[in-house]
Structures are given as structure tokens and as C-alpha cells.
2 protein chains.
Amino acid sequence: MDLYFSPLACSLATRISLYEAGTSAHFIAVDGKTKQTEDGSSFLDINPLGLVPVLRTDEAELLTENAAILQYIADRYPEAELAPRCGFAVRELQKWLSFIGTELHKALFAPLLDKTAPEPVRAYSLAKAPSRLAVLERHLQSRDYLLDRFSVADAYLFAVLNWSFVTPIKLSEWPTVHAYYKRLTERPSIARALHEEAELYKAEQAHPQPTASPLR
Amino acid sequence: MDLYFSPLACSLATRISLYEAGTSAHFIAVDGKTKQTEDGSSFLDINPLGLVPVLRTDEAELLTENAAILQYIADRYPEAELAPRCGFAVRELQKWLSFIGTELHKALFAPLLDKTAPEPVRAYSLAKAPSRLAVLERHLQSRDYLLDRFSVADAYLFAVLNWSFVTPIKLSEWPTVHAYYKRLTERPSIARALHEEAELYKAEQAHPQPTASPLR
């Protein structure tokens, strides 16, 4: 299995999920600016939008979109119990994956992480932060995870909340969400994935070539 | 089953899917500006973000997020075959639901439909149109639907493409996508749902009270 990723991009959620399942993948780094893969080929031939993650399965199927990839991983490694398998809980998982992808990732964080976005665009997105983070603050007050146990939705939410530290969003203003984030950093799969990708990110930033941005 | 909707909002996809399944729901209109439901209660008590659709199942479970609701409907009425039930095609469905929700709905259309969005925000979103619509143009060149047959993803895509006519996006510049849209308007479930919601939308626009916008 190949995972096209960029350090600290939302592809981090897939790495976390793989580690949760006690497995790994052939990780292929993509430069966020040049859209070149680390082996020198063009990532745009893989995904014309240039967005990570892209997963190539062992059957050579290419899959894009975080929500789909994460549900694939959960299904591929059922013993890791990374997603509910039946009942209304499946819809709850899909609800959270969609909320994170639409309301947090695309509507709130993506423009804030885009260094080319003009100031009115950043302000427009930032204005959505209180209502969106309030949804999480309320939900997490009575639970440790988005569902009854850790799931791929938590992996995705962690990857997105991790961007707040390079945006004007002050996570500490949502103490329950902040505590959730901090608690997750101590989870072995997340600690490992975060450490590895932070090192790769630092190396990219220090590199004289155009470097990757965490925006995907 | 109750469906909270606003005329021509993305909740249209759920109505289409219900009609495809030969069924219906108790439809409850939500005013997009006042966030009041047609029975005079506050929709913010149902969904604090004020976003439709919200589905209340026969078991009184509340579900938000289009991707989750549409997969629920497909699962609830399996005889309608509105979603693949096994294999990689399930991931393909989830990929398209995510692509429509993130890249089209939230990143491209939502700011264009928001009358309060400043011009730089609209321009920033509009710049994403060529690459995102090109994905559809390429994909639909060799097929009639997003998957091998009509699915809830087509219902969602139709609801989103239908917004193009009130934005600067000229769908005719993507002839394959335009032909797909026009073909879908002739589908009985879609023709019926579109006619009904267009009438409701017109009635809202003519109403002296603050009226709903198709933005969700």
C-alpha cells in the first residue's frame, strides 16, 4: 500500500490510523509547492488537483479524499476497531468525517493555511471558528472521543486541530477541545506519527527548494 | 422520518434520493435567514450551526451532514440501489460524496452563494472552479453517472451544480458536466423534486419576510 502524503497535511490522519492498526505503508512524500514526489515524478499525474492524501491499495486502486481513505483503512484492518461496523454509529462516524472535512478543514482552516489567500479571505474563514469549534466543545464535554471509542474521525480531527498553532485560532479558548487535543498527543500512534512528520516538516522548511505547506 | 430542508439548498439531494426510493418524508421548511422552521420553532435548537439538511429518523435519531444522511437513506431503502453495498465501489461513493462536499460545496459554491461574502472571498472561491469542474469533466466523459449507475452522489452533485445558475460559473464551459446536469433534470425523481422546491423557493422570494438563500 502506498500513501502519498505531505508532512503535517491532513494525510497525517491516515498515518495515525495505520499505526493504530499496527501496520504501515510505503509513504511517498509530495512537495506541496512543486507537486513533485520524492522520487522526482509529477504528483499531478496521480491527482490532478495536487491534493494529498492519495492511497494506492495493494490491488493498485487509487483512492482520494480523506473520508474515503480513512473508512477504507478502518475496513481493511477491522481488528483495530477504528470505525463502527453497523448500526447508527456508522452514520455518526460519517457525520463527523463530513463535518471535519467541510466545516473545519475546507471552510475554516484551508484558507488560513494558504499563504496566497488575501486578508479578507482569511478574515471570512476565521469568523467561522467560534461556531464550528463550539460544536466540538459541546460534544466533547461528556466524552473522550467523537464516538464511544477512538476512531479514524479522531485521527482526522487531530490532524486538523494541529494546524491551529500556525493560524490565529487560539485553541485554548475552547478548553475541552484543547484538552482533547493534548490528550491525543499522548496516544502512542499519534505521538509517533506527529514526531515523524514534524521532523520531515522541519527538514522541508530548512530545504532551499520550494517547500511544502501544511495546506491541503 | 422528518427532513429539515430549505428550498434548493443541498437538502434537495435527500428529497431526490427519497423520491428515487419511491418514498417521502415529513418535510419541514427552514427559513435560511431567520432560522425559523415553518411551525415557528427555532431551527438552531435542532442544529446550532443552522445548516440543513437535518434528518430525524423514525427512531428519533437526529443526523446532520449530507454525506451521512445520503448514505443513511441508501442503506434504509436498499431496494432502490442508491449506493453500492460492498467492495471498492463503496469507497468510490465515499470519495465522490467527500469531493462534492469539500471541493465543490464548501470551497467553491458556498462563498459564491453567500450574499454577505466580500468580493475578494468570491474571487478566491471562483478561481477554484476550473480545476474542480475539470475533474468532473474528465470523469463524466466516459460514463453517465459518477459510479456505474445513479447513486446518492449524483443526487448531491445535481443539487450543487444547480446553484451554478445563480453564480458567475458558466456550466456550459464544461460541456460534459452541462450535458450530465441536463440529462439529470429529465430523471423523474429530480424533475419532481426540482419543480417542487423551485416553487417553494419562488414563494419564499416573493414573501415580505427575510427569505431563505440557497447557501447552506
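Reminder, nothing fancy here: chain letters follow the sequence lines and each chain counts from 1. Every value quoted in this text rests on a predicted model; they were computed, and no experiment measured them.
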Q: State, to 0.1 Å, how close Tyr124(B) and Pro118(A) come at their nearest heavy-atom pair, and which atoms those are.
A: CD1-CD, 4.0 Å
Q. Under a 4.5 Å heavy-atom cut-off, does chain A meet the side chain of Ser125(B), its backbone, both or neither?
A. neither
Q.
Under a 4.5 Å cutoff for heavy-atom pairs, which residue among Thr64(A), Thr102(A), Leu97(A), Asn66(A) has the most contacts with chain B?
A. Thr102(A)
Q.
Heavy-atom pairs under 4.5 Å with chain A: which of Glu61(B), Glu65(B), Arg138(B), Glu92(B) has the most?
A. Glu65(B)
Q. Is the count of non-hydrogen atoms from other residues, nucleotides or ligands lying under 6.0 Å from Asp148(A) atom CG greater than 12?
A. no
Q.
Can you tell me if Arg85(B) has over 12 outside heavy atoms packed within less than 6.0 Å of its CZ?
A. no
Q) Is there a side-chain contact between Arg91(B) and Gln71(A), using heavy atoms and a 4.5 Å cut-off? A) yes
Q | Identified side-chain contact (heavy atoms from CB on, under 4.5 Å) partner of Lys95(B) from the options Leu62(A), Ile69(A), Leu63(A) | A | Leu63(A)
Q: Please determine if Lys106(A) and Glu103(B) form a salt bridge, counting it only when a charged side-chain N lies under 4.0 Å from a carboxylate O.
A: yes
**Q.** Arg132(A)/Leu49(B) under side-chain contact (heavy atoms from CB on, under 4.5 Å): CA gap, chis, key distance, verdict
**A.** CA-CA 8 Å; Arg132(A) 273 56 183 175; Leu49(B) 288 183; 3.9 Å; yes
Q: Give, as side chain, backbone, both or neither, the part of Ala117(B) having an atom under 4.5 angstrom from any heavy atom of chain A.
A: both
Q | Contacting moiety of Arg122(A), where chain B heavy atoms sit under 4.5 Å | A | neither
**Q.** Side chain / backbone / both / neither for Leu70(A) at chain B, heavy atoms under 4.5 Å
**A.** neither
Q) Contact part of Phe88(A) toward chain B, heavy-atom cut-off under 4.5 Å: side chain, backbone, both or neither? A) side chain
Q.
Does any part of the side chain of Val90(B), heavy atoms only, come nearer than 4.5 Å to the side chain of Tyr72(A), both counted from C-beta?
A. no
